[in-house]
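Let me begin by presenting the structure, written as structure tokens, before commenting on it.
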Amino acid sequence: MYAQMVKSTGKGVKTLDEMEPEERAFQEKVDADIRIEPRDWMPEGYRKTLIRQIGQHAHSEIVGQLPEGNWITRAPTLERKMILLAKVQDEAGHGLYLYCAAETLGVSRDEMTEMLLSGKMKYSSIFNYPTLTWADIGAVGWLVDGAAIMNQVPLQRTSYGPYSRAMVRICKEESFHQRQGYDIMMKMAQGSEAQKRMAQDALNRFWYPSLMMFGPSDANSVHSEQSMAWKIKINSNDELRQKFVDQTVPQAEYLGLTVPDDTLAWNEDKGGYDFAEPDWDEFFDVLKGAGPVNHDRLEARRKAWDDGAWVREGLLAHAEKKRSAKVAAE
Amino acid sequence: MADAKFEALLRLGDNALILGHRVSEWCGHAPVLEEDIALANTALDLLGQTNLWLEYAGEVEGKGRSADDLAFLRDAWDFRNVLLVELPNGDFGQTIMRQYLFDQFNLLNLRALTESKDTRIAEIAEKAAKEAAYHVERSRGTVVGLGDGTQESHARMQEALNLLYPYALELFITDEVDDEMAEAGVFPDPKSLEDAYLVAVAATLQEATLDLPEAHFGHRGSGKDGRMHTEHLGHILTQMQWLQRAYPGQTW
């Protein structure tokens with residue numbers, strides 16, 4: 001999941017009877033799985049929550065280029081380099097679709113970027129962890145994209161039309177990303193001792209941060225309850241985390257790697273694994289800025305934005321000149 | 001003949017490889033999202049071209065070296081790229097000016113190569129020329145936009161041009177490899193592309209309101225015959241080849 005801890009109204013969910021007619025009509029559409037489109041009436045809380053959620057997702061795609069970009073110049077073969085470049089290019093494209101979806105809610109891409117850089121908007125905690133070896137690029141594709149897909153597949157059915165359509169396009173590409181990540185892990189896990197060690201080390205470092213991607217248990221969260229009523233969140237965090245663990249553990253076994261959790265055990269009754277929760281204190285610390293590379297990530301984005309100001313201004317000025325020349329000629 | 005063809009193919013492959021490497025350094029750091037996407041796309045195309053040229057170079061050499069062997073296991077003195085492509089990215093203006101100066105040459109060269117008597121070269125060139133046509137359109141458009149943008153963007157683009165233009169002219173310095181390949185009808189004589197190149201560049205610069213530097217000379221680097229490179233190439237290779245060197249002979 002690329003959106004964590006998205007704040008909703010902070011109030012409980014209203015019943016249909018408590019709603020004004022407009023809101024009631026809106027909620028009835030959502031309940032009937034009719035998509036909400038940009039010109040439709042929507043509650044202010046719905047609009048604001050969606051901006052936070054889509055924005056966080058968009059920012060995650062953009063910041064998410066950095067840990068992978070970190071290895072493009074060092075990728076071990078020409079083919080791996082090309083696959084990685086194509087993947088990072090896709091991610092920038094996903095960012096673009098998502099910013100466009102958010103723009104239909106009345107906030108510009110530049111405004112959202114400023115909010116990211118000032119720390120007002122967040123991106124997924126996972127990107128505050130570094131990619132230290134080539135196996136990390138495999139782990140990011142396998143685990144991080146794997147966790148993202150878990151959440152994004154249901155979001156294809158989300159209530160907001162532009163968001164849902166962006167998600168359909170994104171999901172098609174994400175499953176390719178996950179496969180290439182797993183393929184890297186296969187090569188490493190079947191390779192030399194050093195490669196195996198890198199693969200296990202990558203799993204050790206990325207396992208718990210990947211579990212954190214779904215956010216803390218949302219059993220008691222008013223935010224989640226409201227978002228689920230609006231169908232901008234389809235499954236609970238715990239449901240998705242369980243699904244992710246159940247899918248991933250056999251894949252790790254197939255690779256001959258050990259999931260770094262001594263308590264991990266198949267639970268016949270629930271038909272899923274019992275597993276250890278990640279360290280939620282670490283999660284909150286990382287969200288606040290204490291992850292190993294929070295500073296580097298934001299600094300890289302700030303530098304790109306500040307250093308690029310003259311380029312954006314230059315291209316804008318040129319477009320203006322051309323437009324006035326055209327008007328003058330007419 | 002085989003030796004000259006091997007050399008000439010390395011020149012094509014190494015130019016694409018080293019420039020692709022430089023452009024890929026931008027990933028996640030471009031001034032605007034659309035540029036991030038476009039730069040990644042350009043790097044991807046260049047690396048695709050690298051793969052095709054170096055694979056063929058390895059076959060022509062006949063020593064069983066793959067494209068990866070050539071990319072990751074040669075040292076600086078065996079690289080045959082021009083100095084232009086190994087220069088650091090600088091600011092975005094310098095990157096895009098370097099890109100345009102190379103793209104314009106690459107397009108003319110590839111179009112001429114589609115007529116090569118070597119059908120394998122002609123086929124690769126056919127595919128690559130389509131990509132290069134798109135690259136020129138994009139880098140040219142950006143050079144014009146920034147040259148004729150604000151005062152600041154104009155000044156930065158002029159500075160980039162002044163720095164890079166002499167390096168670009170190295171593309172037209174010819175040697176015995178070029179002569180042999182031109183005579184055999186396998187590669188065009190670089191000199192034969194120079195006029196068309198200068199006309200195209202002049203038109204672009206005029207539209208971009210930039211002045212062509214007065215000094216018309218090519219830097220005596222001659223990266224293309226491997227006698228000289230800048231100090232930057234070694235650093236590119238330490239990064240690019242690191243995994244292959246540290247863990248030799250592995251499957252990735």
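The chains referred to below are lettered A, B, ... by the order of the sequence lines, with proteins before strands, and numbering in each begins at 1.
- Within a 6.0 Å radius of CD in B:Gln206, no more than 12 heavy atoms belonging to other residues, nucleotides or ligands are found.
- Comparing A:Asn70, A:Val311, A:Thr133 by heavy-atom pairs within less than 4.5 Å of chain B, the highest count is held by A:Val311.
- With a 4.5 Å cut-off on non-hydrogen atoms, A:Met82 touches chain B through its backbone and its side chain both.
- Using a 4.5 Å cut-off between heavy atoms, A:Leu315 touches chain B through backbone and side chain atoms alike.
- A:Arg169 CZ: 12 or fewer foreign heavy atoms inside a 6.0 Å radius.
- Within a 6.0 Å radius of CD in A:Glu114, more than 12 heavy atoms belonging to other residues, nucleotides or ligands are found.
- Looking at A:Ala86, both its backbone and its side chain come within 4.5 Å of chain B, counting heavy atoms on both sides.
- Residue contact with chain B, scored on non-hydrogen atoms closer than 4.5 Å, is absent for A:Ala319.
- The backbone N or O of B:Gly28 lies less than 3.5 Å from a partner atom in the side chain of A:Arg301, making a donor-acceptor pair.
- The OG atom of B:Ser24 sits 9.0 Å away from the CG atom of A:Leu84 when rounded to the nearest 0.5 Å.
- Pairing each heavy atom of B:Ala43 with each of A:Leu85, the nearest pair is CB-CD1, 3.8 Å.
- In this structure, A:Arg74 contributes its side chain and B:Gln241 its backbone to no donor-acceptor pair below 3.5 Å.
- When all heavy atoms are compared, the tightest approach of B:Thr150 to A:Ala317 is CG2-CB, 3.7 Å.
- Of the atoms belonging to B:Gln239, heavy atoms from both backbone and side chain fall under 4.5 Å from chain A.
- A:Ala194 and B:Tyr247 make their closest contact through CB-CE2, 3.8 Å (heavy atoms, listed as atom of the first residue, atom of the second, distance).
- Counting heavy-atom neighbours within 6.0 Å of A:Lys303 NZ, excluding the residue itself, gives a total of 12 or less.
- A donor-acceptor contact shorter than 3.5 Å links the side chain of B:Asp68 to the backbone of A:Leu78.
- Look at B:Glu34 and A:Arg109 and you find a salt bridge, because one of the NZ, NE, NH1 or NH2 atoms lies within 4.0 Å of a carboxylate O, short of that distance.
- The candidate with the highest count of non-hydrogen atom pairs below 4.5 Å against chain A, out of B:Thr142, B:Thr50, B:Val144, is B:Val144.
- Interface remark: A:Met198 contributes side-chain atoms only to the contact with chain B (heavy atom separation under 4.5 Å).
- When heavy atoms are compared at a cutoff of 4.5 Å, B:Trp242 approaches chain A solely by way of its side chain, counted from C-beta outward.
- Contact count against chain A (heavy-atom pairs under 4.5 Å) is highest for B:Leu146 among B:Leu146, B:Ile96, B:Ile236.
- The backbone N or O of B:Asp148 sits less than 3.5 Å from a side-chain atom of A:His318, completing a donor-acceptor pair.
- Atom-to-atom distance recorded for B:Trp252:CH2 and A:Asp183:CG is 14.0 Å, nearest 0.5 angstrom.
- Ranked by heavy-atom pairs under 4.5 Å with chain A, the list B:Gln250, B:Arg22, B:Glu35, B:His154 is led by B:Gln250.
- The greatest number of non-hydrogen atom pairs below 4.5 Å with chain B, out of A:Ala300, A:Gly308, A:Gly314, A:Ala304, is found for A:Gly314.
- No side-chain donor-acceptor contact under 3.5 Å links A:Gln89 to the backbone of B:Ala40.
- Residue contact with chain A, scored on non-hydrogen atoms closer than 4.5 Å, involves the side chain of B:Leu17 exclusively.
- Proximity to chain A is limited to the side chain of B:Ala71, based on heavy atoms less than 4.5 angstrom apart.
- Enclosure of atom CZ in A:Arg197 is not indicated, since only 12 or fewer non-hydrogen atoms of other residues, nucleotides or ligands lie within 6.0 angstrom.
- Of the listed residues (B:Val32, B:Leu39, B:Asn41, B:Leu54), the greatest number of heavy-atom pairs within a distance under 4.5 Å of chain A belongs to B:Asn41.
- Taking both residues in full, the closest heavy atoms of A:Ile72 and B:Cys27 are given as CD1-SG, 3.6 Å, listed atom of the first, atom of the second, then distance.
- When atom types are taken as modelled, the side chain of A:Gln195 and the backbone of B:Thr251 share a donor-acceptor pair closer than 3.5 angstrom.
- Between the NE2 atom of B:His29 and the CG atom of A:Asp307 there is a distance of 11.0 Å, given to the nearest 0.5 Å.
- Of the possible donor and acceptor atoms, none in the side chain of A:Lys81 sits under 3.5 Å from a partner among the backbone N and O of B:Leu47.
- More than 12 heavy atoms of other residues, nucleotides or ligands shown are found within 6.0 angstrom of CZ on A:Phe176.
- To the nearest 0.5 Å, atom CG of residue B:Asp91 and atom CH2 of residue A:Trp310 are 4.5 Å apart.
- Residue contact with chain B, scored on non-hydrogen atoms closer than 4.5 Å, involves the side chain of A:Val88 exclusively.
- Interface check for chain A: of the options B:Arg156, B:Met240, B:Gln244, the most heavy-atom pairs under 4.5 Å are formed by B:Arg156.
- Among the candidates A:Glu313, A:Gln190, A:Lys321, the residue making the largest number of heavy-atom pairs closer than 4.5 Å to chain B is A:Lys321.
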